[in-house]
**Student:** 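Starting off with a structure, shown below.
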Amino acid sequence: MKIVKLPKNKTNDFIEHLQSFGEVHAPQKKGKKSCAFQPVTDPSKVLIGEEGFLRTILPLKKYFHKPVDTLLKFSPKTGFEDAYEEEGNKVIFGVHSCDIHAILSLDRVFSGKYVDTYYFRRRKKVAIIGISCVPDDLCYCQSMGTSFVEEGFDLFLSDVGDGYLVKVGTSLGDDMVSSAGDMMTGYGDSDINEYKRRINEFPSLFKTKVDEADLPAILDMEYKSEIWEEMGNRCFNCGICSMVCPTCFCFDVNDEVCLDGETGERKRCWDSCLFKSHAMVAGGHNFRESRADRFKHRFLHKHQAFMGDFGRPSCVGCGRCTQDCPADIHFVGMVKRIKDDITCVHSGEEEK
Amino acid sequence: MSSRTIKVDHLYRVEGHGGIRVELDGKKLLDVKMEIFEGSRFFEALIRGRHYNDVPMIMCRICAICSASHRLVAIKAVEKAIGLEVSPQTKRLRELLILGEIIESHTLHLFCLAAPDFLGFPGVAAMAERHGDVVKMGLGLKKLGNQIQEIIGGRKIHQVNAEVGGFGKVPEEEQLMELRRALEDKLGDALEAVAFIESITVENITKSPSIFSALTNGEENYSYTGDTILVSTGETMPVEDYKKLTNEFVVNHSHAKHSLYKDKPFMVGSLARLYLNRQKLKGKAGQEMKRLEKSFDPDNILWNNLGQAVENLQSMERAIEIIDQLMGDGYREEEIVKPLKIKGGSGSAGTEAPRGTLYHSYTIDSDGLVTDADVITPTAINLENMEKDIRAATILAIDDAEEDLKLKLEKVARAYDPCISCSVHLVDLRKEKNSQP
Amino acid sequence: MPKPKVGIFSLTCCEGCQLEILNCEDELLDILGAIDLVSFGMAQSNNLDIDLDIAFVEGTVVQRSEVAILKKIRDRSKLLVAIGACATNGGVAAIDYDKDREELKRIVYGEAGDFIPSITPAALHEHVKVDFALQGCPIEKHQFINAIGYLLHGDLPLLPEYPVCTECKRKENECVLVQHNIPCMGPITSAGCDARCPSHYLGCDGCFGPVDEANVAMEYSIMKEKGMADDEISRMMQVFAAKSPIIKGQFKGD
Amino acid sequence: MIDFARKSLLDNPYLPQQCRIVASTPQTDDTMLFRVRLEDDRLAESFSHMPGQFVQVTVMGSGECPISIASSPTRHGFIDLCIRKAGRVTDAFHNLGQNALFGLRGPYGNGYPVEVMEGNSLLIVAGGIGMAPLRSLLWYALDHRSRFKDVILMYGARDQEDFLFKGELLSLQGRDDVKTLLVVEKDPDNSWEGDVGFVTELFDDVDLDPETTYAAICGPPVMYKNVIDKLLDCGFSKGRILMSLERKMKCGIGKCMHCSVGFKYTCIDGPIFTYWDAINMREII
Ligand SMILES: Cc1cc2nc3c(=O)[nH]c(=O)nc-3n(C[C@H](O)[C@H](O)[C@H](O)COP(=O)(O)OP(=O)(O)OC[C@H]3O[C@@H](n4cnc5c(N)ncnc54)[C@H](O)[C@@H]3O)c2cc1C
Ligand code: SF4
Ligand code: SF4
Ligand code: SF4
C-alpha cells in the first residue's frame, strides 16, 4: 500500500486540486447545527474532524440511490426508455469509515444476480476519499466492526496531528496524489508513532459499546418479547430512521402520468419497512399489520436477516437513527436490552 | 313596463359566492343589492383564546388571494399589541412579499377574470383559444408574483415563512438575485399589460364620483403599507382610528358587513390609491401614469382595472429596488425575534391589499392569548360603493336589453375585483346596526 | 375518447385550493386542453349544470344551503374529489366545531346577525360519499396536476401514505424537533407539501391532516417532554383537522 | 469489491419489453387467461423459464406487478398469464383489450426444482388462483411424462364460477397417465358432476409414497395449513413439500425489499420454498 503525507495547511489546496478529477463534494454546514455532503465552492467551508464528530444528515447513499429517481420514461408510441441521465465525475471528500462500510454493503445489495444499473452507473463515477474521525456519544462503529476500512476508498486520510497520512487505495487515488506535486510529502518516524498512538487509543474513545455476538439467535428467541410492542407504541412510523440510515435501501416504484393521460415516468423513491403500505398487498391483507411487527422487522433486518444474507449485520453503527428519531428511540439501547439484560427484555424500564 | 327584477344569481369570475339583484319599476330604480351568500366561518370568534403565534396561520385563511396581506397585517397588529419591533431587513422582505401578492392578484384579475368581459369571452379558457399570447403573457406575470411569494413566504398561498417576529428562514441571496433577474425580464411585459388593459377599458359606464381612501406611509415612494389613513375629502387619521372611517354594520341581504364614511359610501383599492398617491409613482410606472393622466377618470370604476395594470408595473419596479436595498445593506441570516416578556395590549394595523385597505386589530392578554379581534376587509368596505355604482350604471343603461345591462353590472362589480371570502366575518360587537357617529 | 367533463366547485373557504389550480400557470393551458371544464365559477361564466365525470370540491359545509348544493354536485358526478383541508377534514372553519354556533354568531355579528344561517362545520364526507381526497391548506399544485394525469389515465391518483418527516429527510433538512426543540407536527402529518414548514425552520402546522396510523398519543407525549402545556398541545393539534377521528380521539375521547 | 468494468452494470434489468396480448379466455368473473407474445420475435422464441417462475407485468401508467407464468416451458413462442382483477395494475390489464401492448420483464424467481423432482412422483395441490403457477408445472410434467412416476392433481375451487381452466382440467380426467381430482366447496344448484368438499378430503382417495413424492402446493393461506397437516400426517419430509408464496413486490429482482421475509427475498429466493424454509423463517405463513 502506498502511503504519503498531506500536511494540514495543504488540505484546502488539495481539495481544490481534486476538482480536476470531478466535482468535489464534502461535508459542509447544513441548517444551523448540522452538516451534509454538498458541492464544494470554497474549501475553507469544508468541515472535517477538528470540530468534533460531524455526522452528515444523509449518508452517501443519496448519490447512488437517489431519494427520488426516474427509472423509465414511457409512451404508447415509443415504448419504454431508460431515463438515466449521465452524470459527471464526483469526488466525495471526507467520508468516515462507517459510511464507507455502508457503501460496501449497498454495493453487495445492488449487485448480485441482478445488477441495479441506476446505482452502479452513478457509483462508477464517484471517487471516495475517506478520513479518520473521533467518535461522539452515539457512535458505535467499533462494536459493529466498521471503525476501520481496508477497501472501498480511493484515498483514506488518517489524522496524525499536523497532517494526514494518506493511504492510496486505487490507481485513481494514486493519480490524485501523484499529480498533487509538493502538496504531498513523505512521512517520518514521528508520524508513524503518532499514527500508532491514535490507533491504540481509538477503542477507548467510544462511550457506546454493544456486543453483537450471537445476536441473531438471541433475537430469534426474543421474537415474542414485549419490547416490540413497547417500541411499536412509541414509534411514529415516520420513516426517518430508514431515510437517514446509510444501509437502508428499500424503495417504492410508481408510475406518474402526464397531462395527456398516457405518457409518463416510472419513479422510485426511498421507502421504509415501517410504513403500513410496505407489506400490504392487493385486497388489503398486510403481512406486517402492526407497528410492532414492522418495528421488529426493521430491527431484525439490520441485526439478524442481513447476517444470513451477507455474513455481517447491515448496521454500521453510525448513530444516525438514534440521533434523529423524533420518538427518542435509542437503537443502541435496544441492542443492549435484548442482548445483555435478559430480564429487562421481558419487562421493565427502557434504559436510555 | 311594470316592476321587474334583474338578477345575476351567481357572480362568476370573482373570488367567493355572491350575486347582484336590481329591482326596477318601469324605469324607476327601486333597489340595488350585492348579495353575499358565502358561509360564515366566524374567524374573529375562533381566534379568541388562541396564542398570538397562531394568529397569522389562522387569520390568513380568511382569503387565499390576499393571504399575504392578511398574514402580514395580522402579524403587524400582533406585534403592535405585544410591543415587538422587527428588523429593517424583515420589514423590507415583508414589503417584497406584499408586492408579490399585488402582482399575482392584479394580473390574475386583469387577465383571467376581467379581460374576458371586454373581449366577449365567458372565461379565460375560451379567451386563450383566440388570444393565446395575451393569456400567456398574463400568466407569465402572475407566475412572477407567485415566485416572489414562494421565495419569500415559502408558499404561494398561506405563506408559512412569515411569522410574528420575522421570517423562519430568510431567502437565500441567490434566490433574491434570481428573482431580480426574472423581474427585469418581465418589465417589458408589464408595460405591454398596461397598453393592453388601456386598449380594452375605456367606456365610462357609471359616471359616478366616489370618495376614496388609502393608506400612506409619509415616505416618498408609492407604498402599500402605512400608518396613516388618507381620505379624498381631505381628512387624515392614524390607522388606530380605522373604526371612525369604516363604521361597519350588518345588512340583511349580506353575510358581509357594510361600511359608510359620514353616511356616504367610499372606495378603497387601486383606483383609490392612484387617486390619492399617484404623484408618488416613479420610474416607468410614473411615466405611464403621466401619459395616462389626460384620460384619468376617477368617476369611471373601470379605471380600477387600468389602475391595477399601472400598479403591477410599479410593484415590479419597486421589488427590484427593494432587492437592491437588501443587498446593499449587508443581507444576512436573521432569527425570529421573540418578546422577553409578554405584556398584554391591543394593536391595530392596516395594509393596502390588492383590493384596498385591510385592517386587523387584536387584544392580547398577558398569557399571549387573544381576547378580542376585529378584521375589516376591502371588499366589505367597497360593498356600499359597489351598490352605488351599480345603481348609477343601471340608470345609465336602463334602456339596454336585459342581457347587455346584466353584463354591464357584472363588469362594474368585477372591476372592484371583489373578494367575497374576505368580506365575510364579524362586525364589531360594540356597534349596533346603523349606529354611525 | 371524449375529454372528461370536469367541474371545480367551492363551498365556504378561502378559495385557496381553486386559486392553486389557477396557479398552475405553466400547465394551465395543457390542463384546459386535456379536460372539458364545464364548471369553474372562479374562472368562467359559462358554467353548465350537466353530468360530470369528475367534480373537484373545496370548502367546508357551514350552512344548510351548502348541503343541498353539495348533494346536487354529488348526484351529477361520477367521481367526487375533495380538495384541501376544509373539504377533507373541515379545515380552520371547524376549529370550534363543538362550540355553539349561535354563540359564535353573536360574538361576530352581534344581535344584528341573527338571520345568518350556520350549522356545524363539516367535511364533505360527512354529507356525501367522497371518492378521493387531495390534502393540504391549500392543495399542492404538483399533486393536483399528477391527480389529473392519473384520472385521465383511468386510475385513482396515488398519494404518499407516509408522514412529512419522510419528505423532510429526503430533502436532507435538519430536524427542527430533534435539533431545535421546535414543536413539529411532521411525524403525524401526511406528506405531500415537500416539508414546507420544517424547510423554513418552523414546525409543521399539520395542514395536510393526520397521516394514516398517526401516533397522536406519542406526539402528545413528545410535545410534553419538549415543555409544552396541555392546552398548547391541544391548540396546536386542532387547527386543520380538529374533526378528524384520529385527532378527536386524543382530545374528545371518541 | 465490485468490478466496475463489468459489462452487466449497463444492462438495465428494470426495462420491460413490449409484449402483445394475442388471445384472452375468460375464466371467472374477475379472472382471465391471457395468451401473450413478446413483440421481438427473437426474444419471443428464445424466452424460456422454469415452472413456478413469474414475470413482472407493466401496464403503462398504472404500474407493474408480479404474475406467475401459467404456461409450461415445453410450449414455445407464447406465455400464458392468468390474471385476477385485484387492484390498480391487474384492473388496468383487464381493460387493455385484444392485441394491446404491455410491458413484460422476467422470468424471475427460483421456480420448482424440476431436476431434483424428476424421477419422483408429483402431487399438485391447488386452490383457487393458485392453479396458475401450478398449471405450468402440471403441463411440464405431462409433456415430460416419462420423467415422473405418478402425477396427481388435486384442485379445489370455491364454486363452479370460481373454477379455473375448467375445460382443460376436466378433459384431463379422460387421461390415465394423470390422476385428476377436482372439487368445489359449494354447489348450490347441484350442477357440478364431481365431488363437493375441500381439497384436504381428496387425500383419502389417493395412495401416496412420501419417500418418492414431491408435493407442490399453491392456494389461499388457509389451505396451506390444512394441506400441510395432511402431508405431514402422510409422512412427508418437510423438504419434499413445496409451497409458492405471495408477498408484495415492486422490483422482482431482490432490491426493493418489499417481499423480504427474514433473510429471504420471495422474489429471488422464492417464490417456491420448501416447508422447511417456511418454518425456519419467521412470519412466512
Ligand atoms: C410471485 C407472485 C406470483 C403471482 N402470480 C399471480 C398470477 O398468476 N395471477 C394473479 O392474478 N395474481 C398473481 N399474483 C398476485 C398479483 O401480483 C397481485 O394481485 C397484484 O400485484 C395486484 O396488483 P394491483 O396493482 O392490481 O393491486 P394494488 O393493490 O393496486 O397493488 C399495487 C402494487 O402493490 C404490489 N402488490 C399488491 N398486491 C400484491 C401481491 N399480492 N403480490 C405482489 N405484489 C403485490 C404490486 O407491485 C402492485 O402493483 C402473484 C403474486 C406474486 C408475488
Ligand atoms: S441502523 Fe442506525 S446506527 Fe445502524 S447504520 Fe442505520 S442509521 Fe446507522
Ligand atoms: S422537522 Fe418535523 S417533519 Fe422534519 S424530520 Fe423533524 S419532526 Fe419530522
Ligand atoms: S409542513 Fe405541515 S403545515 Fe407546513 S405546509 Fe407541510 S403539511 Fe402544511
Side-chain angles (χ1 to χ4, degrees), chain A residues 71-72 74-76 79-82 84 104 107-121 123-124 151-152 220 223 248-257 261-264 266 268 271 273 277-283 285 287-288 293 297 300-301 304-309, chain D residues 1-18 39 58-65 84-91 100-101 103 105 108 221 246-269 281-285:
Chain A
L71 299 182
L72 306 171
F74 54 80
S75 124
F80 303 91
E81 267 173 77
D82 190 331
Y84 176 77
L104 291 174
D107 283 353
R108 271 176 241 144
V109 168
F110 283 110
S111 57
K113 183 170 176 201
Y114 301 96
V115 177
D116 189 295
T117 33
Y118 298 89
Y119 178 91
F120 280 106
R121 280 181 286 196
R123 180 75 173 85
K124 276 167 79 164
E151 56 168 3
D220 203 66
Y223 199 78
C248 272
F249 53 85
C250 284
F251 57 84
D252 195 12
V253 185
N254 285 308
D255 285 4
E256 265 176 28
V257 194
E262 51 181 40
T263 63
R266 175 160 294 170
R268 74 164 163 201
D271 201 349
C273 56
S277 58
H278 193 269
M280 191 157 84
V281 292
H285 177 71
F287 289 94
R288 285 184 289 276
D293 281 348
H297 177 82
L300 260 56
H301 187 255
Q304 182 193 51
F306 210 78
M307 287 283 233
D309 252 358
Chain D
M1 225 184 160
I2 306 298
D3 171 13
F4 289 126
R6 248 166 77 183
K7 200 181 153 292
S8 67
L9 297 190
L10 298 175
D11 290 334
N12 189 341
Y14 295 99
L15 197 64
Q17 299 295 329
Q18 295 268 48
E39 273 293 89
T58 287
V59 179
M60 258 183 211
S62 296
E64 199 171 38
C65 76
R84 188 165 56 106
K85 281 202 225 180
R88 205 178 181 80
V89 184
T90 47
D91 287 0
L101 282 172
R105 59 188 177 93
Y108 298 124
E246 193 173 324
R247 279 293 183 284
K248 174 136 166 181
M249 283 179 196
K250 284 290 180 176
C251 72
I253 56 174
K255 311 291 173 211
C256 79
M257 268 283 284
H258 285 269
C259 70
S260 75
V261 209
F263 55 90
K264 301 276 186 190
Y265 292 90
T266 313
C267 65
I268 50 175
D269 301 321
M281 286 181 290
R282 301 259 195 186
E283 21 164 87
I284 209 155
I285 23 179

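The analysis underlying the following values was restricted to heavy atoms, covering all of them including side chains, and did not include hydrogens, waters or symmetry mates.
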**Student:** Let me know if Cys273(A) has heavy atoms under 4.5 Å from chain D in its side chain, its backbone, both or neither.
**Tutor:**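 Looking at Cys273(A), nothing touches chain D.
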**Student:** Looking at every heavy atom in both Glu81(A) and Leu15(D), which two are closest together, and how far apart are they?
**Tutor:**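 So the minimum-distance heavy-atom pair works out to C-CD1, 4.0 Å.
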**Student:** Is the Phe287(A) ring parallel, tilted or perpendicular to the His285(A) ring (thresholds 30°, 60°)?
**Tutor:**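 Plane angle over 60°, so perpendicular.
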**Student:** In terms of heavy-atom pairs under 4.5 Å, which option from Phe74(A), Tyr119(A), Tyr114(A), Phe249(A) contacts chain D the most?
**Tutor:**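 Going by pairs under 4.5 Å, I would pick Tyr114(A).
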**Student:** Should the pair Arg108(A) and Phe110(A) be classed as cation-pi, given the thresholds of under 6.0 Å to the six-membered ring centre and 45° from the axis?
**Tutor:**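 No, cation not above the ring by the 6.0 Å, 45° rule.
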**Student:** Check whether Asp271(A) gets within reach of chain D through its side chain, its backbone, both or neither, counting any heavy atom under 4.5 Å.
**Tutor:**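 Asp271(A) touches chain D through side-chain heavy atoms alone.
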**Student:** Mind ranking Thr263(A), Asn254(A), Val109(A), Leu300(A) by heavy-atom pairs under 4.5 Å with chain D and telling me who comes out on top?
**Tutor:**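 Going by pairs under 4.5 Å, I would pick Val109(A).
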**Student:** Is His278(A) in contact with chain D via its backbone, its side chain, both, or neither, using a 4.5 Å heavy-atom distance?
**Tutor:**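 For His278(A), the contact with chain D is made by backbone and side chain together.
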**Student:** Which bit of Leu101(D) comes within less than 4.5 Å of chain A, counting heavy atoms only: side chain, backbone, both or neither?
**Tutor:**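 Neither part; nothing is under 4.5 Å.
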**Student:** What is the minimum heavy-atom distance between Pro16(D) and Glu64(D), and which atoms define it?
**Tutor:**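 Nearest pair, atom of Pro16(D) first, then Glu64(D): CG-OE2, 4.4 Å.
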**Student:** Using non-hydrogen atoms only, which part of Tyr108(D) is less than 4.5 Å away from chain A: side chain, backbone, both, or neither?
**Tutor:**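 Both the backbone and the side chain of Tyr108(D) come within 4.5 Å of chain A.
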**Student:** Between chain A and each of Cys256(D), Gly87(D), Cys259(D), count heavy-atom pairs under 4.5 Å; write down the option with the most.
**Tutor:**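 When all of Cys256(D), Gly87(D), Cys259(D) are compared, Cys256(D) has the most.
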**Student:** Does any backbone or side-chain atom of Glu256(A) lie under 4.5 Å from a heavy atom of chain D? Answer side chain, backbone, both or neither.
**Tutor:**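 For Glu256(A), there is no contact with chain D at all, as no heavy atom is under 4.5 Å.
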**Student:** Considering only heavy atoms, which portion of Ser62(D) lies under 4.5 Å from any heavy atom of chain A: side chain, backbone, both, or neither?
**Tutor:**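 Just the backbone, heavy atoms under 4.5 Å.
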**Student:** Do the charged groups of Asp82(A) and Arg121(A) touch, with an N to O distance under 4.0 Å?
**Tutor:**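 Judged by the 4.0 Å cut-off on N to carboxylate O distance, Asp82(A) and Arg121(A) do form a salt bridge.
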**Student:** Which word best sums up how the rings of Tyr118(A) and Tyr14(D) line up, parallel for under 30°, tilted for 30 to 60°, or perpendicular for over 60°?
**Tutor:**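 Rings of Tyr118(A) and Tyr14(D): tilted, as their planes differ by 30° to 60°.
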**Student:** Of the non-hydrogen atoms in Val257(A) and Glu262(A), which two are nearest, and what is the gap between them?
**Tutor:**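 Closest pair (atom of Val257(A), atom of Glu262(A), distance): CG1-N, 3.6 Å.
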